[in-house]
Every structure is written in C-alpha cells, then in structure tokens.
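All figures in this text were calculated on a predicted structure; none of them were measured in a lab. Quick note: residue numbers are just sequence positions, from 1. Each ligand, and each atom within it, is numbered from 1 in the order the structure gives.
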Amino acid sequence: MKLLLIGLDGVRVDLALPEVVAADEGFAVPDHPADPRFAAAPRDVPRDAPRERGEGTTGRLAPTLSRLAAGGRVVPVWMTPPTDSGPGWASLLTGTTHEENNVWWNEFVGHRLARCPDLLSRVFFADPRARTFAATTWPALVAATGPGPVVHSRPDQQVGGQHQLFAATDFSDGCRSADRQVRTRAAWVLNHEGPDAAFVHLEGPDEAAHRHGSQGPEYRAALTAADEDVRHLVKAVAERFERLGEDWLVAVTTDHGHKPEGGHGEDEVVVRRSFLLVHRIGGPLPAGLREPATLRSHEVSPLLLAAVGVRPGSLVADHPVGQVRDVPSAGPTRDLRHEW
Ligand SMILES: [Zn+2]
C-alpha cells in the first residue's frame, strides 16, 4: 500500500468537518495538559458570546474532506503546545516529541532533526528501493539551506529522482498561488510516477486566518480552496487505482487550528485541536487505523508507517548510541597497558 499524506496548515477541523467533530467526544477536550509555559494569556470572553460560525451548521466548506471522511475515519489529534508550525510539523512528520527533536519555534534553532528522520525517510530506510516525494508551500520543511529541514534531503536519492523535493516559488498571490503551484506539481508526480510515500503541504488556510481571523468568509473560502487542492491530489492517485490497481492510503492532517481572531502558538482548545483523516483507496482501512480513539502529534507518523508496512529496524548496542562524550583534558595515565 502506498501513502499520500496531505498536510493542511492551520485548519480548524470544527469548521472543516463540523459533523465529525460534533459526533466524537474525543474532539471536545485535549487528552493531555499543556506545559504552563505555553498557556494563552487570559482573555475576557463575553459570557454570552455567540457560537462560532460553522459549529453545528450543515454547510459543507470541505466537500472532499467530507467524502474522504465518510469512506474512511477521522481520529482526533491533540497537539502539544507550543502550537507553532515548526514544532507541529516536526512532531507530526518525524514521530517524535518536542523534547526529542528540540524544535520549539519556527526558527528551528538547535534542532535535532538529523537524528529524527521524517516518515518518507523511514520508508526509505526500511527499503532502499523506495521512491519518495515531498512538496510544500513552506520551504523550511524541505530546504537544505533553510533553518530545518524537517524532511531529510538525502541527496544520493535525489540523483535519478528516487527522492524528489519541491518548494513553492510563486507567491504572487500569497500562499494561494503557491498552493496551486504545489498542487499542480504534486498531482503530476503522484499521477505519473506514483511514489511509494509522499507528503504534500498546503498553507492557504493558515495565511487566511493570520490575515482575517478564522471566523469570516476569507477563512471559509481558504478552507474550500484547500479542499479543492486535496481533490486534485486524491484524483491523481485514484486514477492509479483504477488503471493500475494500486492500493493507496490517503491521510490528511493539520498542525494547529486558529484562534477566532487568528493566530496560534499557545494552548487554546481551538488551536490544539487537530485530526488525522485516513481513507484507503483500494480496500478497507487496515485494522491498526481503526484502533486509536485519540492521538498525539508524535503518534501520527508511526501509525501511518505501520499501516503501509514499515517495520523499524533496531541497533542493539552496549553503549549509549549517538551520545557525544569528550575525553577529559587530563592527559593519558602512562599506564603501559594503555599506551600504543
Ligand atoms: Zn502552521
């Protein structure tokens, strides 16, 4: 089974899939507390504040996501603050916690991503014949010259196209034009080359919420535009199922929601609430994807990898692997047994 993971930046799932969120109490309250360092500043909220638009309505902002959900499953995912994009995607894509990958902000300063391979690289490590592809509107996720990257470059595999990376360059219409560029390239590669594992990241909803908040028509339009991008990507792999009989697992997630006025980073429920939508084209969902009631961000990649057949290898060493220890500047002992 091949894997297509679609990352939609900054999606409020309570607006994109309101029926799904209302029907699953796992979406109501975070399943683990936030570190108080990342708590939101107290805000005066009117006691009679109207329900946020979208909640409880039947309007379909995301018809493709709704169709994928109806034929698949949506698992609540709770992000661990800080809910910035860097820590969020680093955790979602590498299956590690903030403490393990040391990504706390979007600057990635001091990150340990080299020892926390992304899920595409894990597919490659499991079978060096694997072909992988990533495309993104946020270059930091893939650019070797940027502050990350989260997706490893693996230049040896880029020779000959075994590992392909694409970062958007057309921001003439902000993230909308960049997303369209990513969508077009990704749909082509998915449709014609069918990589074994792919990650496609789109950022329109995040940009709209930062500019206009997450309650107005601009954000709803951005959700619908991203949903249309998703439709193109699903169409690309669905044709491979129809024509070639290929089995595909399509997954969709987000790195955070958005406050009503726009913005994220702290511990509000509407910001921490994410989701993992899984939909198999070519058969029923694997049993492992039907099990978890809720997930945390670092549990997403391992679950998807297990579903597509990746079994992590192991090194059973009698020393602490990867730990740097310097020899003390005290000189040798002159014990002849140790002199060489
Ligand atoms: Zn983000």
*Determine, using ring centers only, whether W78 and H32 are less than 6.0 Å apart.*
no
*asked:* Would you say the Zn ion (ligand 1) has S85 as a near neighbour, meaning an N/O/S atom of that residue under 2.8 Å away?
replied: yes
_Using the rule side chain to side chain contact (heavy atoms under 4.5 Å, CB included), only one of L277, V278, V21, L65 pairs with V74; which is it?_
L277
*Stacked cation flag R273 on F27, 6.0 angstrom / 45 deg*: no
*For the Zn ion (ligand 1), decide whether D206 has an N, O or S atom at a distance under 2.8 Å.*
no
*Keeping the roles fixed (side chain from R73, backbone from L289), state whether a donor-acceptor pair exists under 3.5 Å.*
yes
*By atom name, which N, O or S atom belonging to D255 lies closest to the Zn ion (ligand 1)?*
OD2
*Can you name the N, O or S atom of H256 that is closest to the Zn ion (ligand 1)?*
NE2
_Suppose we only count N/O/S atoms under 2.8 Å; would D9 qualify as near the Zn ion (ligand 1)?_
yes
*Is the gap between the ring centers of H298 and H98 under 6.0 Å?*
no
